[in-house]
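Taking it in order: structure first as structure tokens, then the write-up.
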Amino acid sequence: MAAESAKFTSTSHSDREWWKKTTVYQIYPRSFFDSNDDGVGDIPGIIEKLDYLEDLGYETIWISPFTQSPQRDFGYDISDYFSISPEYGDMALFEKLVREVHARRMKLVFDLVLNHTSNEHPWFKESASSRDNPKADWYIWKDGTGKNGTKPPNNWRAMAGNKAWTYYPERKQFNYTAFLPFQPDLNYHNPDVKRAMFDVVRFWLNKGVDGFRLDIISAIYEDSTLRKNPPSFRLAPSDKSLSIFFQHLKNNFLHEKSFVFATELRSVVDEFANPKRVLIGESHGDEAVINRFCYLDGKDGLDAIFLFKAVSTPFKAESYRQMLMKFEKHFPEPLIPTLVFANHDRTRVISRLGGSIEKAKLLALFQFTCRGIPFTYFGDEIGIPRVRIPLKQGKDAIAMQLSWIPQALVDRSIEILNRDECRTPMLWNSKPNAGFCDHATKPWLPVAENFNEINVEKQVADPCSLFNFYKKLIRLRNATPALHGGSLEIAHDLCDKKILAYYRISDDEKYMVVLNMSKYRVENPVNSEVLLSTHPQGGAHQLHPFEGRVMRLRNT
């Protein structure tokens, strides 16, 4: 596939491909800022904090779902694609948000769930009511097996680990879900479903959104003959393998038609060309496979796909060098990698790094100086930690599903099983509830206990804080064509077990990024003008432990 990608010549002008140069900040709306003191973040809260994001230098905002939903999966279970959940606001407030974002010359990316709806969506209620209604095959139904048809149609599991089939007595059939049982998958084998969902896409593009982050795009299609999935040796999924509970999800994820669907969706989005809109998909799987979402048989698809390998790659120089090599191999120009280290489903960055601010700065330097689209999950710019919340107290549907697991085992896991732990409120200041909501209001999730030490207000005042490093770094990237749009070359001759080094090159500009990913002082392999360092300068010839530098070189 890498060779096929390399042959592709884009017909788009570089100035229209704004997403290749942008920086993205993900907002989880329930937890960002509560403007009306009901304990839940909202759209007016986002509007109130836009200046904060503009000052940091972010150019694109991606907002997790706030469309109408029963909130069993907090917006990823949609009951009406064309309205706003009242706890967040209304359509007039959303339209104001679009205007305010664009007034700051920023972009707004909307989180779109195409794969499934809530089981409370009117479409599903009608579909589930009988076998002969107008929407009877808008979802995936199948007769059971065994005596009286009481066993599921096959052995498929969902990505969340649960069984993929739920029995509905009204139809005396099983319904398929790729994620959680209350999120039935739409049947894209039915052309009426595809047309309806493309109308949803057009609706939001007409509202002015600049593109979409596409939830679980890898599950759009599944094998129409419902062939059984083969066994696997893996208990838990990885960022590369779609296997869970000893089953490889071969026939219900990454179906060939899902890649074709990406090209069809591209055609719909390209109806809105001024400005050109972006499509960024969510999919686990090997990079040699999932790059087909971006380019397939001579046709454009998605503009980018999340590369979750970055989340699980060990924080070591050689591991990061191998990751860069893989990204460059499978996403060469004009394709582009994504640089994703956290989101609303994964452990907080600072907690994965053992609480080390030095490592957090070094990781940020890597993320914002590589060739790719950097994504920041809200609060990672100040180092919000994972907040421990026992499974039995979880509001997250996955936590409820896994509440039988002993908490002692959960606490030893690096990755979270209760997604509430990475969704706790933003820490704005040292006032009660960290300024997220009024002191007399109970926030929907608990605030991190150390908010007096970790908050925006305190870090703004500290020139050496993580926040101010992000600010300097993002501004350097935005102002430097080689960093936001140039080519990348790994300096293999300078790399070793401690050092990762690479060049960023654009026209007559050339820069070197050197990362000391070890706990030891090392010799600096290059003596040149330092534009930015993660540490106060301690000498040109040595790098501090976990120090990274951006240096200007002459492009010869």
Margin query: For R552, is there any backbone N or O sitting under 3.5 Å from a side-chain donor or acceptor partner on S528?
Written below: yes
Note to self: Under a 3.5 Å threshold, yes or no: a donor from one side chain and an acceptor from the other, between S35 and D42?
What the structure shows: yes
Checklist line | NZ/NE/NH1/NH2 to OD/OE distance under 4.0 Å, E100 and R104 | finding: yes
Next item on the list: Please determine which of Y81, W204, F261 meets the ring pair (Phe, Tyr, Trp, His ring centres under 6.0 Å) test together with F198.
Entry: F261
Note to self: If only side-chain N and O atoms count, and only distance matters, is there a donor-acceptor pair under 3.5 Å linking H544 with Y520?
What the structure shows: no
Notebook entry, point to check: N516 side chain to S518 main-chain N or O, any donor-acceptor pair under 3.5 Å?
Noted result: yes
Note to self: Working to the nearest 0.5 angstrom, can you tell me the gap between I474 CD1 and Q367 CD?
What the structure shows: 9.0 Å
Notebook entry, point to check: Atom CD1 of I46 and atom CG of L93: how far apart are they, to the nearest 0.5 Å?
Noted result: 10.5 Å
Next item on the list: Evaluate the side-chain proximity of L302 to I280: yes if any heavy-atom separation is below 4.5 Å, no if none is.
Entry: no
Next item on the list: Taking W428 for its side chain and F32 for its backbone only, find out whether a donor-acceptor pair lies under 3.5 Å.
Entry: yes
Note to self: Please confirm whether the ring centroid of F33 lies under 6.0 Å from the ring centroid of F436.
What the structure shows: no
Note to self: Would you compute the distance between atom CZ of F110 and atom CD1 of I63 and round it to the nearest 0.5 angstrom?
What the structure shows: 9.0 Å
Next item on the list: State, with a plain yes or no, whether a side-chain heavy atom of F366 is found less than 4.5 Å away from one of F341.
Entry: yes
Checklist line | Side chain N468, main chain D462, donor-acceptor under 3.5 Å | finding: yes
Notebook entry, point to check: Any cation-pi pair here, R292 with F259, using under 6.0 Å and within 45°?
Noted result: yes
Next item on the list: Spell out, as yes or no, whether a donor-acceptor pair under 3.5 Å connects the side chain of N450 to the backbone of E453.
Entry: no
Next item on the list: Please confirm whether the backbone N or O of E415 pairs with a side-chain atom of S413, one donor and one acceptor, at under 3.5 Å?
Entry: yes
Item checked: Donor-acceptor pair, side chain of D55 and main chain of D51, under 3.5 angstrom -> no
Item checked: Under 3.5 Å donor-acceptor, R277 side chain and L205 backbone -> yes
Next item on the list: Answer yes or no for K276 and W18: cation-pi contact, defined as NZ/CZ to six-membered ring centre under 6.0 Å and angle to ring axis within 45°.
Entry: no
Check: Are any of the side-chain heavy atoms of I305 and I217 separated by less than 4.5 Å?
Finding: yes
Next item on the list: Validate the cation-pi geometry between R266 and F212: distance from NZ or CZ to the six-membered ring centre under 6.0 Å, angle to the ring axis within 45°.
Entry: no
Notebook entry, point to check: Does a donor on one side chain sit under 3.5 Å from an acceptor on the other, for Y511 and T369?
Noted result: no
Checklist line | Point-to-point distance, once rounded to the nearest 0.5 Å, from CG of L515 to SG of C495 | finding: 9.0 Å
Check: Between F66, W444, Y88, which is the residue that forms a ring pair (Phe, Tyr, Trp, His ring centres under 6.0 Å) with F74?
Finding: W444
Next item on the list: Using modelled atom types only, decide if a donor and an acceptor are shared between the side chain of E421 and the backbone of I416 within a distance under 3.5 Å.
Entry: no
Check: How long is the span from the CD atom in E358 to the CG atom in L363, to the nearest 0.5 Å?
Finding: 13.5 Å
Notebook entry, point to check: With a 3.5 Å cut-off and no angle check, do the side chains of Q26 and T376 form a donor-acceptor pair?
Noted result: no
Check: Are E54 and E59 side-chain neighbours, meaning at least one heavy-atom pair lies under 4.5 Å?
Finding: no
Item checked: CA sep, side-chain torsions, deciding dist, call: L500, L494, side-chain contact (heavy atoms from CB on, under 4.5 Å) -> CA-CA 7 Å; L500 173 64; L494 302 180; over 6 Å; no
Notebook entry, point to check: Taking NZ, NE, NH1 and NH2 as the nitrogens, is one of them in E287 or K309 under 4.0 Å from a carboxylate oxygen of the other?
Noted result: no
Next item on the list: Give, for atom CG of L466 and atom NZ of K361, the distance between the pair rounded to the nearest 0.5 Å.
Entry: 7.0 Å
Notebook entry, point to check: Are the charged groups of R371 and E333 less than 4.0 angstrom apart, N to O?
Noted result: yes
Note to self: Using a 6.0 Å cut-off, check whether atom CD of E449 has over 12 heavy atoms from anything other than its own residue.
What the structure shows: no
Check: Does the side-chain hydrogen bond (donor to acceptor under 3.5 Å, both in side chains) test come out yes or no for S218 and E282, once each step is laid out?
Finding: CA-CA 7 Å; S218 54; E282 179 198 30; over 6 Å; no
Next item on the list: Would you mind telling me which of N343, D210, D111 makes a side chain to side chain donor-acceptor pair (under 3.5 Å) with W62?
Entry: D111
Check: Can you tell which of Y377, Y470, Y58 makes a ring pair (Phe, Tyr, Trp, His ring centres under 6.0 Å) with Y25?
Finding: Y58
Checklist line | Residues in side-chain contact (heavy atoms from CB on, under 4.5 Å) contact with S487, at least two apart in sequence or another chain | finding: I505
Item checked: Flag side-chain contact, heavy atom, 4.5 Å: I454 against Q459 -> yes
Check: Do we see a donor-acceptor contact under 3.5 Å between the side chains of R321 and H492?
Finding: yes
Item checked: Side chain T338, main chain I373, donor-acceptor under 3.5 Å -> no
Check: Quick one: are L362 and M517 in side-chain contact, heavy atoms under 4.5 Å?
Finding: yes
Item checked: No-hydrogen, no-angle side-chain donor-acceptor test under 3.5 Å, T313 and S319 -> no
